[in-house]
Amino acid sequence: MDDTDLLDILGDGAHGYFAGGAGDEITLRANETSWSQVRLAPRVLVDVSERDPSVTLLGKQRPSPIVVAPMAYQKHVCPDGELASARGAARTGSGYVLSSQTTTAPTVVGPEVSDPWFQLYVFRDRQVSLDLVAQARESGYEALVLTVDFPVAGWRERDKRTGFRVEHPVALNLDGPPLTTEELFALHDPSLTWDDIGAFAEAAGMPLLLKGVLRPDDAERAVDAGAAGIIVSNHGGRQLDTVLTGAEALPPIVDAVAGRADVLVDGGIRRGWDVAKALALGADAALVGRPVLWGMARGGEEGAVAVLEQLHAELDSTLALLGVPNARDLDRGALVSQV
Ligand SMILES: Cc1cc2nc3c(=O)[nH]c(=O)nc-3n(C[C@H](O)[C@H](O)[C@H](O)COP(=O)(O)O)c2cc1C
Ligand SMILES: CCCCCCC(=O)C(=O)O
């Protein structure tokens with residue numbers, strides 16, 4: 001996809017922050033290529049005249065397996081910020097996760113989309129995080145996504161070069177001039193451990209998902225700690241460079257979890273057939289990040305809708321051509337290694 005216009009639209013600082021990854025950006029690139037290396041094995045002569053992309057998530061039927069990933073500071077992408085992405089999700093039947101680094105209040109975004117989830121970071125001032133949990137619960141969010149792959153920020157050379165400064169996330173109630181990403185990231189609590197997860201699960205009062213898990217043993221520990229779901233993710237290649245990709249990490253995690261919790265995946269999902277591959281490898285849903293931001297940068301809410309509509313149309317085409325008309329029937333039998 002030609003994205004040379006994005007640098008002009010966003011400028012060097014914002015473009016570097018939103019598009020960039022950690023280190024040499026090896027994982028950032030691998031995220032996309034590893035989906036393209038998973039090969040589909042279509043079945044022929046199947047009646048595909050009716051297709052159904054719906055899936056079950058947290059015990060509830062959802063119209064789509066596509067979920068908009070939590071992403072920070074969206075007013076730097078387009079003036080409507082998180083309202084544009086949330087409305088895009090609502091208009092296309094996609095799921096939606098609001099970042100705790102939102103530039104639009106959770107109370108304002110929540111009513112725009114059905115069954116939104118709220119993503120949480122744990123700050124050094126734990127009360128700030130607990131207040132956010134209470135706010136999410138009172139605003140009707142369906143689930144809490146606790147991101148666990150950010151004890152410290154990744155080594156992000158683009159941000160170091162540009163010194164990009166961020167409009168304050170509304171949920172943090174900060175005064176004063178905009179901060180650099182490094183200053184904001186320093187608010188994180190690097191001492192968070194498994195011992196703390198139970199307390200957050202209890203405070204949540206709603207299903208808890210852990211986002212940023214890449215190992216089967218950690219996934220099992222998350223389930224034992226009470227997680228209702230796991231999001232297999234390397235944070236879009238923005239944390240530790242050269243780690244494994246979502247496509248690589250997913251199958252052993254699905255096997256380890258063995259149906260005891262929902263498993264979602266993200267990183268580099270760019271096409272509807274990537275979504276189908278994620279489901280075939282055992283995911284219950286797939287999150288999409290940057291493509292939604294690029295739609296917003298080009299066309300605000302309409303741009304987000306266009307990106308999500310295209311992903312859904314590609315998924316529909318994949319279900320038909322693969323000979324698996326119902327997304328919930330996708331399994332490893334649809335992949336080359338199983339033929
Ligand atoms: C600009 C940007 C900001 C992000 N902010 C958050 C965040 O606030 N919380 C979080 O859990 N993940 C955050 N992520 C990670 C995404 O939720 C997701 O894991 C990743 O973007 C998926 O990869 P993709 O962009 O290749 O689709 C962010 C990603 C990007 C690109
Ligand atoms: C306390 C600020 C943390 C913001 C992290 C946003 C993010 O996840 C990312 O940039 O990646």
Side-chain angles (χ1 to χ4, degrees), residues 1-33 68-86 88 98-104 119 121 147 149-150 152-172 174-188 233-243 245 266-270 287-308:
M1 195 177 295
D2 180 14
D3 58 4
T4 46
D5 58 324
L6 291 172
L7 183 56
D8 292 336
I9 296 171
L10 295 171
D12 197 27
H15 181 264
Y17 171 70
F18 288 102
D24 294 313
E25 301 187 337
I26 288 166
T27 294
L28 176 69
R29 289 188 293 278
N31 277 349
E32 291 188 29
T33 45
V68 176
M71 289 174 290
Y73 317 137
Q74 295 184 19
K75 281 195 178 166
H76 285 276
V77 177
C78 73
D80 286 342
E82 291 78 5
L83 277 180
S85 54
L98 180 69
S99 167
S100 57
Q101 298 301 293
T102 178
T103 45
T104 312
Q119 178 270 329
Y121 278 123
T147 299
D149 60 6
F150 205 112
V152 300
W155 188 263
R156 302 178 183 186
E157 295 192 342
R158 299 203 210 198
D159 291 351
K160 292 182 195 297
R161 179 175 56 77
T162 67
F164 177 55
R165 284 179 185 271
V166 174
E167 184 176 328
H168 289 152
V170 291
L172 292 188
L174 295 169
D175 292 325
L179 299 172
T180 63
T181 53
E182 283 191 349
E183 287 164 331
L184 270 169
F185 297 167
L187 301 172
H188 267 245
S233 172
N234 60 31
H235 211 103
R238 298 163 70 77
Q239 287 300 94
L240 181 58
D241 197 16
T242 73
V243 301
T245 66
D266 75 15
I269 292 189
R270 298 291 176 265
L287 290 82
V288 178
R290 293 180 185 85
V292 179
L293 298 179
W294 303 158
M296 290 160 64
R298 292 179 174 123
E301 176 183 332
E302 297 307 321
V305 169
V307 165
L308 291 165

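By convention here, the first residue in the shown sequence is residue 1.
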With sequence neighbours excluded, tell me which residues meet side-chain contact (heavy atoms from CB on, under 4.5 Å) with [X].
X      : answer
His235 : Tyr121, Thr147, Asp149, Phe150, Arg156, Lys211, Arg238, Gln239
Arg165 : Pro178, Thr180, Glu183
Glu32  : Arg270

| said: Given 3.5 Å as the limit, does a donor-acceptor pair link the side chain of Thr27 with the main chain of Val243, or not? | reply: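 Side chain of Thr27 to backbone of Val243, a donor-acceptor pair under 3.5 Å: yes, one is there.
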| Between the main-chain N or O of Ser100 and the side-chain N or O of Gln119, is there a donor-acceptor pair closer than 3.5 Å? |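 Yes, the answer is positive, given that a donor and an acceptor are paired below the 3.5 Å cut-off.
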Rounded distance [0.5 Å steps], [atom1] in [X] versus [atom2] in [Y]:
X      : Y      : atom1 : atom2 : result
Thr102 : Tyr73  : OG1   : OH    : 10.5 Å
Leu98  : Gln74  : CG    : CD    : 7.5 Å
Thr33  : Leu28  : OG1   : CG    : 10.0 Å
Thr245 : Asn234 : OG1   : CG    : 7.0 Å

Can you see which heavy atom on [X] is nearest to which on [Y], and at what distance?
X      : Y      : answer
Cys78  : Gly300 : SG-CA, 4.0 Å
Val77  : Met296 : CG1-CB, 3.9 Å
Leu287 : Pro70  : CD2-CD, 4.0 Å
Val292 : Ala304 : CG1-CB, 4.2 Å

| Any pair counted as salt bridge (charged side-chain N to carboxylate O under 4.0 Å, His left out), so long as it reaches residues 15-31, sequence neighbours left out |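 Those involving residues 15-31 are Glu25-Arg158.
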| Just checking, is any N or O donor in the side chain of Thr103 or Glu82 under 3.5 Å from an acceptor N or O on the other one? |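 The answer is yes; a qualifying pair exists.
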Which residues pass the side-chain hydrogen bond (donor to acceptor under 3.5 Å, both in side chains) test with [X], sequence neighbours left out?
X      : value
Arg290 : none
Thr162 : none
Thr242 : none
Ser233 : Asp266

Could you go through residues 5-18 and list every donor-acceptor pair under 3.5 Å that involves a side-chain atom there, pairing it with any protein atom two or more places apart or in another chain?
| residue | atom | partner | partner atom | Å |
| --- | --- | --- | --- | --- |
| Asp5 | OD1 | Arg298 | NH2 | 2.9 |
| Asp5 | OD2 | Arg298 | NE | 2.7 |
| Asp12 | OD2 | Arg161 | NH1 | 3.0 |

